[in-house]
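Before any comments, here is the structure.
Everything numeric here is computed off the predicted structure, so don't read it as measured data. Quick note: residue numbers are just sequence positions, from 1.
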Amino acid sequence: MRQAMEMLSETDYPVAEISQRCGFKSSVHFSRCLKQRTGKSPSEIRREAWHYK
């Protein structure tokens, strides 16, 4: 999850590619797991990270 959050914050890779690179079989499963652990969706994490740059 740490790697995924870094990629969301620092790259413009699509969520599907990030989920695949992090070993998830589907972006839906990845998004659910991320939301459960952080309370935020991938797009929310990316939006917040890019807002502060």
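- In terms of heavy atoms, Ser31 sits closest to Val15 at OG-CG1, 4.3 Å.
- In this structure, Met7 and Arg46 approach most closely via the heavy-atom pair O-NH2, 3.8 Å.
- Taking CD from Glu17 and SG from Cys22, the interatomic distance works out to 10.5 Å, rounded to the nearest 0.5 Å.
- Hydrophobic clustering (ILVMFWY, side-chain heavy atoms < 4.5 Å, transitive): Leu8 and Trp50 are in distinct clusters.
- Residues that satisfy the ring-ring contact (aromatic ring centres under 6.0 Å, His included) test with Phe24, not counting sequence neighbours, are His29, Phe30.
- Between the CE atom of Met5 and the CD atom of Glu10 there is a distance of 11.0 Å, given to the nearest 0.5 Å.
- Leu34 and Val28 end up in different hydrophobic clusters when Ile, Leu, Val, Met, Phe, Trp and Tyr side chains are linked at under 4.5 Å.
- Ser41 and Lys35 get closest at one heavy-atom pair: N-CD, 3.9 Å.
- Taking each heavy atom of Ile45 and Ser9 in turn, the nearest pair found is CG2-OG, 4.3 Å.
- Salt bridge status for Glu6 with Arg2: absent, with no side-chain N to carboxylate O gap under 4.0 Å.
- Ala16 approaches Ser27 most closely through the heavy-atom pair CA-CB, 3.9 Å.
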